[in-house]
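In this text, all values refer to a predicted model and were calculated from it rather than measured experimentally. Proteins get letters first, then strands, A, B, ... in listed order; numbering begins at 1 in each.
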There are 2 protein chains.
Amino acid sequence: MVKPTVHDIAREAGVSLSTVDRVLNGRADVRPKNAERVKAAVRKLGYVRDTNAANLAKQRRYKFAFVLPEGPNHLVETIVAAIHEATWAQVADRTEFRILSVNAADPHAVVDNLNALDLSSLDGVAIMVPETPQVRDAIAHIKSAGIYVVALVSDLPNSGCDYFAGIDNFSAGKTAGALLGKFLRNETGSILVVTNSMVARDSIERRFGLDEVLSREFPLLKTLPTIEFHDDAERIRETLGHAVGANPDLKAVYSMGSGNTVMLDALRAQSGVEDLIVIAHDLTAVTRQALLDGELDAIIAQNVGHLVRSAIRVLRAKCDGADIYEAQEKIRIEIIMRENLY
Amino acid sequence: MVKPTVHDIAREAGVSLSTVDRVLNGRADVRPKNAERVKAAVRKLGYVRDTNAANLAKQRRYKFAFVLPEGPNHLVETIVAAIHEATWAQVADRTEFRILSVNAADPHAVVDNLNALDLSSLDGVAIMVPETPQVRDAIAHIKSAGIYVVALVSDLPNSGCDYFAGIDNFSAGKTAGALLGKFLRNETGSILVVTNSMVARDSIERRFGLDEVLSREFPLLKTLPTIEFHDDAERIRETLGHAVGANPDLKAVYSMGSGNTVMLDALRAQSGVEDLIVIAHDLTAVTRQALLDGELDAIIAQNVGHLVRSAIRVLRAKCDGADIYEAQEKIRIEIIMRENLY
DNA sequence: TTGTACGCGTTATCAC
DNA sequence: GTGATAACGCGTACAA
């Protein structure tokens, strides 16, 4: 039992190769009778297209773009590194990438960049920006050109994307909560929650998840209001000092998003915090080192290499009209401690 | 800048296509001078063989075998499921699998099965059995037939395998230790360590890792001697009862390997263990449910789907003489709680 | 609708 | 040893 080819289909259906091709790819009108015979032959022989042979014949090149937030951001840097690394891997075969840096904080700049994409030379885009009405419109425009769109890291639930590659941030927050709860079992105290900015929906969702778990399962622990420090090192330092002073029962710090560097700096400069449990998000050079040094107790992360490869595979699958192998593409919420650091 | 083809190489080197082919595939003797010119052209143009086109031309079929322990074992069942699932994925393109169940506890049976493999119709094997001198010899025999061998789940460090797909069990034990230590921070007490059998090197390595971390970082916690219960539900029940009675300071149970079902059953039947921290290995139907029910606090696992796909990719890369994309193939030690269960 | 050249690397002939 | 040539596998695309 060998795999049937288009030739087998043509013979079985009693038509020419080209007719088979037209039916399979919907290129032009085929007499209904013939079309039906082709489809019957496909079913009967169990034909499945050999994507590699097709790509060879078509000299197919997949052209994808990544739209990422600009500015100093460790997570984005690891994503860029992963894209470059993937270039050498099997997943990126016949694939070329363009990386676009946009000022994610400025919706207009984002939209301008999205609209400036040369849609005629593009098959798919992976986008990592916050969802705004303007972004939604820009994505609708991109999609109307027949280009596939994948949301990366941050979901864009109302933009009609073809896929979301990333973790469920609500669950990520719940994971942090469960971890804090178990690390502090039987203890009473408060938890300081910090983030760079609550504008990103990620942080909001994580905060919800955190509170949900803590209030339901660990009522002895109290979360303090979220502190946003907007890239202001001074501010986080002051806030931390104040929080330590005002909350003698402070037991932990949860850093929900970017800005781990300043948070860790502030922690180092502060006295009386040696026993604090500290949990942060994202595995980067900074958090990795902090984990090794014992400054962080655990990191909640998503595997960035996997994330990028997954986005690429999904975009390719969409282009090929192929099924997505869900089990492989699922991005997991990872808990990383010093001992299982990779 | 397009990808160079064999034709480009021939032109650049000033030789014929046939000579290029002879050099690239080592088919026949080529005058050293010409061979060098071909190699220089390959380097200069950055030629990389298009594996897909080559496989198409060769009508390549990869034939792999998985050798797995027989008998009731949830981990193995999930591996088998993952193999079947991978059959439908891109990684398994042009690939066919044979699954061999062997009585892993009987070295002779294992070797008989390995020796019974039809080496002439095989390109690679993934093997999951304990290492014994007999197994080592059998693997040497397989390798001498030019077949690639990957150790799966359990490393076979002295058998000259081409690769090990699995986690470092020493680190896995350390991870469990760190988790227990942090879950029980500031507490004094003892930890019950159970496994089905300490014969498997996995359990031994995990135990070492556990003790290493606990003794170095969490001296307040004491580990009890490992209890092996050899598939004996009665035994684990008795042992647990005894341990609870003899150690009023018992704080946690760590299940190092297979046999989670009986361990959990015993725990359910035992009174006075509601506050115990329980950590187990491997994500299976049983441990998943126990996690959801709150009977387990955390699971240390490896992603079985990833493990299987990785073994397949590595075997294929070996067959193709291609590089292995290490970052993708690394199997991570996962910490799974109810909140980040997938 | 059909025929056939094409893309890529491989394999086999037959000549020099 | 080396070169020229053709056929092959698969799906595609353009001329006829």
Of all the choices, [options], which nucleotide is nearest to the side chain of [X] once you look at every atom?
X: B/Q59; options: D/dG3, C/dT10, D/dC10; answer: D/dC10
X: A/L17; options: C/dT2, C/dT11, C/dT4; answer: C/dT4
X: A/A54; options: C/dT2, D/dG11, D/dG3; answer: D/dG11
X: A/V15; options: C/dT2, D/dG11, D/dT2; answer: C/dT2
X: B/A57; options: D/dT2, C/dT2, C/dG9; answer: C/dG9
X: A/L56; options: C/dC8, D/dA4, D/dA13; answer: C/dC8

Donor-acceptor pair (no angle test) under 3.5 Å: B/T19 side chain, D/dG1 base: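 There is none.
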Under 3.5 Å donor-acceptor pair, B/R22 side-chain atoms to D/dG3 base atoms: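 Side chain to base: pair found, below 3.5 Å.
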Interatomic distance, [X] [atom1] vs [N] [atom2] [rounded to whole Å]:
X: A/D50; N: C/dC8; atom1: CG; atom2: P; value: 16 Å
X: B/R60; N: D/dC10; atom1: CZ; atom2: C1'; value: 18 Å
X: B/L45; N: C/dC8; atom1: CG; atom2: P; value: 14 Å
X: B/N55; N: D/dG11; atom1: CG; atom2: C1'; value: 16 Å
X: A/H7; N: D/dC8; atom1: NE2; atom2: C1'; value: 11 Å
X: A/D21; N: C/dC6; atom1: CG; atom2: P; value: 18 Å
X: B/K58; N: C/dG9; atom1: NZ; atom2: P; value: 12 Å
X: B/D29; N: D/dT2; atom1: CG; atom2: P; value: 9 Å

Touch class at under 4.0 angstrom, heavy-atom based, for B/N52 against every strand present: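 Since no nucleic acid heavy atom lies under 4.0 Å of B/N52, the category is nothing.
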Sugar-phosphate only, base, or nothing, as touched by B/T5 at under 4.0 Å among non-hydrogen atoms: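 Sugar-phosphate, backbone atoms only, no base.
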Please determine if [X] and [Y] form a salt bridge, counting it only when a charged side-chain N lies under 4.0 Å from a carboxylate O.
X: B/R22; Y: B/D29; answer: no
X: B/D123; Y: B/R61; answer: no
X: A/R136; Y: A/E131; answer: no

Ring-face cation contact, B/Y62 with B/R94, 6.0 Å cut, 45° max: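 No - B/R94 does not lie over the ring of B/Y62 by the 6.0 Å and 45° rule.
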Short side-chain donor-acceptor distance under 3.5 Å, B/R60 and B/N52: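 Looking only at side-chain atoms, B/R60 and B/N52 do not form any donor-acceptor pair under 3.5 Å.
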Residue whose closest nucleotide on DNA chain C lies nearer the 5' end, B/R27 versus B/A53: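 The residue whose closest nucleotide sits nearer the 5' end is B/A53.
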5' precedence on DNA chain C between A/N34 and A/R94 (nearest-nucleotide basis):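 Closest to the 5' end, via its nearest nucleotide, is A/N34.
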5'-most by nearest nucleotide on DNA chain D - A/V6 or B/A35: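 With A/V6 and B/A35 compared, the 5'-side residue is B/A35.
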Beyond-backbone contact of A/C319 with A/R316, side-chain heavy atoms, under 4.5 angstrom: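 No - every pair of side-chain heavy atoms lies 4.5 Å or more apart.
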Contact under 4.0 Å: B/R31 side-chain N or O vs D/dT2 OP1/OP2: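 Result: yes.
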